[in-house]
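Please read the structure below before turning to the comments.
Quick note on labels: first sequence line is chain A, next is B, and so on, each numbered from 1.
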There are 2 protein chains.
Amino acid sequence: MTLNRSKQRDAIIAFLATRKDHPTAEVVYDNVRETFPNISLGTVYRNLTLLADLGEIRRLRTRDSKDHFDADLSPHYHFICNECFSVSDIFIDKTTELVKAANEVTMNQITDHEVFYYGICKDCQKKEH
Amino acid sequence: MTLNRSKQRDAIIAFLATRKDHPTAEVVYDNVRETFPNISLGTVYRNLTLLADLGEIRRLRTRDSKDHFDADLSPHYHFICNECFSVSDIFIDKTTELVKAANEVTMNQITDHEVFYYGICKDCQKKEH
DNA sequence: CTAATAATAGTAATCATTGCTGATTTGAAG
DNA sequence: CTTCAAATCAGCAATGATTACTATTATTAG
């Protein structure tokens, strides 16, 4: 029940902290494997899930079929490209307004919220000439 | 390439239109089967995907591992219960503000957006003693 | 009515994620 | 510094939602 440290988990957190592109479990696995050649994919998933449950990272479930993970806990939203499925940050915070407006129309108890923007990212706009 | 009508698809649309609880493919299947006893789950999935791609219904990918479907295309958001994973409507529309604010910080081309609220629904609040 | 093709039922396959098991690591207490 | 129970791991099997495939049936334009 107590949380022990582990080199694998530390490496996963450290790697995530270096990235702003919200990698998938697979990407985390591929990268952490460069330092821990025989870390297993299961370990990556278990730790990402554990960290998300503890609230130390955020799990993003987008229209993409893979989960993405974000080590940045500051309030912000996300943009997902419909072409390449890349995920990028939208650093705005409308918590006050959004939660206030929602509370006026529901009795459900809101603890948090997420905003996803969809469209075509800058890079994919270029490609489509 | 041309779209033909099919009784199965009509039944799926008709069923979805009667529900405000954003059923999963499985739930759609169970219900439509009462009228079409040997409709297949694949047909349900194929049509839900087709309709979502055509923009005639919305596919909601939540923290729940199952997709939910919504026949109501009017601008509105969703609340998902962390306990029972029920999905309910939040009839507010902050498109103008949200898209305006996002456009001030990104060059990505935004075509649409989604807001998910999470928390404990009214029913689950009661259950908790 | 008929041919072309869209859609279906039934089932197999995919693939992200989770579960299992026996071995290894961690950390608190002596 | 040892000890030992509990936590974590690697490797791999299993799960489960969704998609793909194939032979058959339904739809619709002409």
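A/Asp64 has its CG atom 14 Å from the P atom of C/dC15, to the nearest Å. What separates CZ of B/Arg61 from C1' of D/dG16 is a distance of 14 Å, to the nearest Å. At whole-Å resolution of the value, CZ in A/Phe36 and C1' in C/dT25 are 12 Å apart. Put simply, CZ on A/Arg59 is 11 Å from C1' on C/dA16, counting in whole angstrom units. In this structure, A/Arg33 places its CZ atom 13 Å from C1' of D/dG11, rounding to the nearest Å. In this structure, the CD1 atom of A/Ile39 is 14 Å from the C1' atom of C/dT24, given to the nearest Å. In this structure, the CG atom of B/Asp67 is 13 Å from the P atom of C/dT17, given to the nearest Å. One can place OH of B/Tyr29 at 10 Å from P of C/dT11, the figure rounded to the nearest angstrom.
Contact annotation: B/Tyr45 reaches the phosphate of D/dT18 (side-chain N/O to OP1 or OP2, under 4.0 Å). Proximity of B/Asn47 to the phosphate of C/dT8: a side-chain N or O atom is located under 4.0 Å from OP1 or OP2. Using a 4.0 Å cut-off, no side-chain N or O of B/Ser65 falls inside it from OP1 or OP2 of C/dT17. Distances shown here put every side-chain N or O of B/Gln8 at or beyond 4.0 Å from the OP1 or OP2 atom of D/dA26. Taking 4.0 angstrom as the limit, A/Ser40 places none of its side-chain polar atoms (N or O) nearer than this to OP1 or OP2 of D/dC9. Put simply, B/Arg9 has a side-chain N or O that comes within less than 4.0 Å of OP1 or OP2 on C/dA7.
B/Arg46 comes within 4.0 angstrom of a nucleotide base, judged by non-hydrogen atoms across all strands. B/Thr24 comes within 4.0 angstrom of nothing in the nucleic acid, heavy atoms only.
For the pair B/Arg63 and B/Tyr118, the cation sits on the ring face: its NZ or CZ lies under 6.0 Å from the ring centre, inside 45° of the axis.
Nearest-nucleotide positions on DNA chain D place A/Thr2 closer to the 5' end than the other of A/Thr2 and A/Leu41. Where A/Ser6 and A/His68 meet DNA chain C, the nucleotide closest to each residue was compared, and A/His68 sits on the side nearer the 5' end.
Partners of B/Thr43 according to the side chain to side chain contact (heavy atoms under 4.5 Å, CB included) rule, which considers only residues two or more places apart in sequence or in another chain, are B/Gln8, B/Ile39, B/Ser40, B/Arg46, B/Asn47.
Ring-plane geometry between B/His76 and B/Phe91 is classed as tilted, the angle between the planes lying from 30 to 60 degrees on a 0 to 90 degree scale. Ring orientation note: the planes of B/His22 and B/His78 are nearly perpendicular, at an angle over 60° on the 30°/60° scale.
The side chain of B/Asn4 approaches C/dA7 more closely than any other nucleotide in the set C/dA7, C/dT18, C/dG27.
Note: B/His113 and B/Tyr77 meet the aromatic proximity criterion, with ring centroids under 6.0 Å apart.
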